[in-house]
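The next block holds one structure in the form of structure tokens; read it before the comments.
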Amino acid sequence: NNLYWARKLQEEGARVIHGVPGLKVHSKLILIKGRSQGEKFSIAHFGTGNFNERTSQVYTDFALLTSRKQLCSDLEQLFSFYENNFQIQKFKKLVVAPFFMRNTFTDLIEAEINEARQKKPAQLILKMNSLVDKEMIKLLYKAHQAGVKITLIVRGACSLITELKGWSEHITAISIVDKYLEHTRVFYFYHGGKEKLYISSADWMSRNMFRRIEVAWPVNDAKLRQRIIDECLVPYLHDAQDAWEQLPDGQYRRVGEAGPSAQQALMRRHAAQLGRA
């Protein structure tokens, strides 16, 4: 199908870039460049999910549409890499796999570890589909031992074992199972009170870190960052209806059956907003 549509696009005059040999392009990106009233402009779109009319009905995903110059400039450089992949680009804001993603998130976790060792508040909230990368799991154990508060919202495979004495007694890992398939990847770092929040197309798996082209991007706008925290993190931490908590033996136990539901709260929130529109 890809080759067929590539030929059709080329027949109509579109320039098709076939990607990077050996690397699957898993990022979901659009860069629009144009001119308005004589001035050039760029608009960038970063998404956690595919552009698919079927899955958009049943998956929960985030997308950022922005004209911030640094993000647009970084994205233009990434598209340049797709075409000229003999040259690794440097990015100011984007976190790009397979080059910088694991190192960047490692540095962010190490910063939380340093804060915890100084008896300062330190916290990680990580939401993704799968957590199986060995090096990142080792680092999370290290962070827990240093006193970092860690909460994992992992819909699928989670290879980190919770409640291991001396390793992960206070790490909580939950999976949300409800009407919609949880598909967002959101990474929150307390960062000494100057909260950092990233959204990404990538799970924490070795294949995402090193065998795919993935992107994570920071949400710097305070209002948008708080919206994501309020809609995608806080309700999930308090879900007592659709949340399943991981046990030390790898089994899962339902947290509750009659408490608050994160997805239902989100649906009520948006129904109320639509009602006011």
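Quick caveat, the model's predicted, so the values are computed rather than measured.
- Atoms CZ and CD, from Arg269 and Gln273 in turn, are 6.0 Å apart once rounded to the nearest 0.5 Å.
- By the side-chain contact (heavy atoms from CB on, under 4.5 Å) test, Pro218 is found to be paired with Leu71, Lys93, Tyr198, Asn220, residues two or more places apart in sequence or in another chain being considered.
- Applying the 6.0 Å contact sphere to NZ of Lys28 captures more than 12 heavy atoms from other residues, nucleotides or ligands.
- For Phe91, the ring pair (Phe, Tyr, Trp, His ring centres under 6.0 Å) criterion is met by no residue, not counting sequence neighbours.
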Side-chain donor-acceptor contacts of residues 29-40 below 3.5 Å, not counting sequence neighbours, with atom names and distances?
{"from": "Lys33", "atom 1": "NZ", "to": "Glu76", "atom 2": "OE2", "distance (Å)": "2.6"}
{"from": "Arg35", "atom 1": "NH1", "to": "Gly38", "atom 2": "O", "distance (Å)": "3.1"}

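- Listed by first and then second residue, the ring pair (Phe, Tyr, Trp, His ring centres under 6.0 Å) pairs involving residues 229-252 amount to none (not counting sequence neighbours).
- When only modelled atom types and interatomic distance are considered, Asn114 and Glu110 share no side-chain donor-acceptor pair under 3.5 Å.
- Separating the NE2 atom in His170 from the OG1 atom in Thr151 is a distance of 12.5 Å, to the nearest 0.5 Å.
- To the nearest 0.5 Å, atoms CD1 (Ile171) and CD (Gln145) are separated by 8.5 Å.
- Rounded to the nearest 0.5 Å, atoms OG (Ser261) and CE (Met267) are 6.5 Å apart.
- Put simply, CD1 on Ile125 and OG1 on Thr172 are 11.0 Å apart, with the number rounded to the nearest 0.5 Å.
- Relative ring orientation between Phe105 and Phe187 is described as perpendicular, the plane-to-plane angle rising above 60° on a 0-90° scale split at 30° and 60°.
- Residues forming a side-chain contact (heavy atoms from CB on, under 4.5 Å) with Thr184 (at least two apart in sequence, or on another chain): Thr48, Thr60, Phe62, Lys127, Glu182, Val186, Cys232.
- Ser27 and Glu214 form no side-chain donor-acceptor contact under 3.5 Å, judged by distance and modelled atom types alone.
- Residues Ile229 and Leu124 are members of separate hydrophobic clusters, defined by side-chain heavy-atom contacts under 4.5 angstrom among Ile, Leu, Val, Met, Phe, Trp and Tyr.
- Residue Gln246 comes nearest to Cys158 through the heavy atom pair NE2-O, 3.2 Å, listed as atom of the first residue, atom of the second, then distance.
- Put simply, Val148 and Leu131 are part of the same group of oily side chains (I, L, V, M, F, W, Y) that touch within less than 4.5 Å, one to the next.
- Not counting sequence neighbours, His18 has no partner by the ring pair (Phe, Tyr, Trp, His ring centres under 6.0 Å) test.
- Take Ile17 and apply the side-chain contact (heavy atoms from CB on, under 4.5 Å) test, not counting sequence neighbours, and it matches Arg15, Tyr82, Glu83.
- For Phe51, the ring pair (Phe, Tyr, Trp, His ring centres under 6.0 Å) test picks out His45, with sequence neighbours left out.
- Contact of the Ile137 side chain with the Ser159 side chain is registered, since non-hydrogen atoms from C-beta on lie closer than 4.5 Å.
- Residues meeting the ring pair (Phe, Tyr, Trp, His ring centres under 6.0 Å) test with Trp217, sequence neighbours left out: Phe46.
- Among residue pairs with one or both ends in residues 51-66, none qualify as salt bridge (Lys or Arg N to Asp or Glu O under 4.0 Å); sequence neighbours excluded.
- With salt bridges taken as basic N to acidic carboxylate O contacts below 4.0 Å, none links Arg102 and Glu135.
- One side chain, Tyr188 or Glu195, offers a donor N or O that lies under 3.5 Å from an acceptor on the other.
- With hydrogens and angles ignored, the 3.5 Å screen pairs no side-chain donor or acceptor of Glu245 with any backbone N or O of Ala173.
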Exercise answer: donor-acceptor pairs, residues 63-70 side-chain atoms, under 3.5 Å, sequence neighbours excluded:
{"from": "Thr66", "atom 1": "OG1", "to": "Arg68", "atom 2": "N", "distance (Å)": "3.0"}

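- A donor-acceptor contact shorter than 3.5 Å is absent between the side chain of Glu112 and the backbone of Ala122.
- Closest approach of Val154 to Ser130, counting heavy atoms only: CG1-CA, 3.9 Å.
- In this structure, CG on Asp239 lies 8.5 Å from CD on Gln263, to the nearest 0.5 angstrom.
- In terms of the side-chain contact (heavy atoms from CB on, under 4.5 Å) criterion, Asn2 has no residue partners (sequence neighbours excluded).
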